[in-house]
Amino acid sequence: MTAAPRPSLPTELDDVVRLFAEAFATDPMITWPLPPAAPLDDVVTLFSIILRDAYGPMNTITVVADQRVDGAAVWLPPDQVTRFDEVEAATRPKIAALTYDGGARYAVFWDWLGGHLPNEPCWFLDILAVRQGARGHGIASALVRHGVARAHAAGQPAFLETGNPANVPMYEHLGFRVVEESDAPDGGPRIWFLRADPPGAV
């Protein structure tokens, strides 16, 4: 890896949307609320709504990019974590059109996820992805460490959720620990909740 994590540019938003959509096209946290075998275009639309209507204007997207965007992460600092429910709920009317039930299962799922955020100020890693051809070069680790360093510099924990058990060892290697493992309501996917406390925290 040659490039360091940095804030994304407005001109890179389309690349970030596509990167997230391709990385999460089969991820249970994304696919479960959508119709079975939802096309990739629907996942692209989903992330376009999330990033353009919510996270893009909040300047929360970090990228590793040289000639193109190879990896990206959405890190929400504490002041924006407190607005997570408000921001996420604002995207639901558009996302509902992608679902088979008017967004009902999507709303239940994301309400449940939001209820697991820590009560104390924290930094929340909401989305992380690396382009297929760029994996294995430390990009994911760099994006995670970048956010964790900012959290710990402020004396605050970092927090994340994942529906992919293969991701858990990577996050544990980077200093996270599993604080809960639960199945989402109504037969939803199993989700792992992890946090990394600052050094010296009890």
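Tested against Trp112, the residues Tyr106, Phe193, Trp32 include a single ring pair (Phe, Tyr, Trp, His ring centres under 6.0 Å) partner, Phe193. When each of Val64, Val144, Leu128 is tested with Ile139 by the rule side chain to side chain contact (heavy atoms under 4.5 Å, CB included), just one qualifies, namely Val64.
In summary, the side chains of His116 and Glu161 do not present any donor paired with an acceptor at a separation below 3.5 Å, with no hydrogens or angles considered. Side chain to side chain, Gln156 and Trp123 meet the donor-acceptor criterion of an N or O pair below 3.5 Å. If you check the side chains of Thr162 and Asn167, you find a donor sitting under 3.5 Å from an acceptor.
Thr99 contributes a side-chain N or O that, together with a main-chain N or O of Ala96, makes up a donor-acceptor pair within less than 3.5 Å. At distances below 3.5 Å, not a single donor-acceptor pair connects side-chain atoms of Arg131 with backbone N or O atoms of Leu19. Side-chain N or O atoms of Thr31 include one that pairs as donor or acceptor with a backbone N or O of Asp27 at under 3.5 Å. Panel note: side chain His152, backbone Pro157; no donor-acceptor pair is recorded below 3.5 Å. At distances below 3.5 Å, at least one donor-acceptor pair connects side-chain atoms of Trp75 with backbone N or O atoms of Leu143.
Counting all heavy atoms, side chain and backbone alike, Ile191 lies closest to Gly163 at CD1-CA, 3.8 Å. Here the closest heavy-atom approach between residue Phe124 and residue Leu160 is recorded as CE1-CA, 4.1 Å. Heavy-atom minimum distance, Pro7 versus Val63: O-CG2, 4.3 Å. Across every non-hydrogen atom of Pro33 and Pro28, the tightest pair is CD-O, 4.2 Å. The two residues Leu40 and Ala25 make their nearest non-hydrogen contact at CD1-CB, 3.9 Å. Among all heavy-atom pairs drawn from Ala134 and His137, the shortest one is O-CD2, 3.2 Å.
Side-chain contact between Val148 and Leu125 is absent, with no heavy atoms from C-beta onward closer than 4.5 Å. The closest side-chain heavy-atom distance from Tyr171 to Trp192 is not below 4.5 Å. At least one side-chain heavy atom of Leu174 sits less than 4.5 Å from a side-chain heavy atom of Ser141. You'll find the side chain of Val44 reaches within 4.5 Å of the side chain of Val17, heavy atoms only. Inter-residue side-chain proximity for Val130 and Asp70 is flagged as unmet; no heavy-atom pair is nearer than 4.5 Å.
Each salt bridge (Lys or Arg N to Asp or Glu O under 4.0 Å) pair with one or both residues in residues 9-25, not counting sequence neighbours, appears once here: Arg6-Glu12, Asp14-Arg52, Arg18-Glu22. Residue pairs that meet the salt bridge (Lys or Arg N to Asp or Glu O under 4.0 Å) test with at least one member in residues 105-114, sequence neighbours left out, are Arg92-Asp111.
Electrostatic pairing of Arg195 and Glu120 counts as a salt bridge here, judged by a charged N lying under 4.0 Å from a carboxylate O. Glu181 and Arg190 are joined by a salt bridge, as a carboxylate oxygen and a charged side-chain nitrogen come within less than 4.0 angstrom of each other.
In terms of hydrophobic clustering, with Ile, Leu, Val, Met, Phe, Trp and Tyr side chains grouped at heavy-atom distances under 4.5 Å, Leu34 and Val108 are assigned to different clusters. Follow the hydrophobic side-chain contacts under 4.5 Å out from Val178 and you reach Met170 in the same cluster.
With values rounded to the nearest 0.5 angstrom, Leu98 atom CG is found 5.0 Å from Ile49 atom CD1. The CD1 atom of Ile127 lies 5.0 Å from the CZ atom of Phe20; values are rounded to the nearest 0.5 Å. Separation of atoms CD1 (Ile61) and CG (Leu51) is listed at 4.5 Å; rounding is to 0.5 Å.
Checked against the 6.0 Å centroid criterion, the rings of Phe176 and Phe159 do not qualify as a close aromatic pair.
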ask   = After noting the C-alpha distance and the side-chain angles of Thr62 and Val74, does the key distance pass the side-chain contact (heavy atoms from CB on, under 4.5 Å) rule?
value = CA-CA 6 Å; Thr62 301; Val74 173; over 6 Å; no

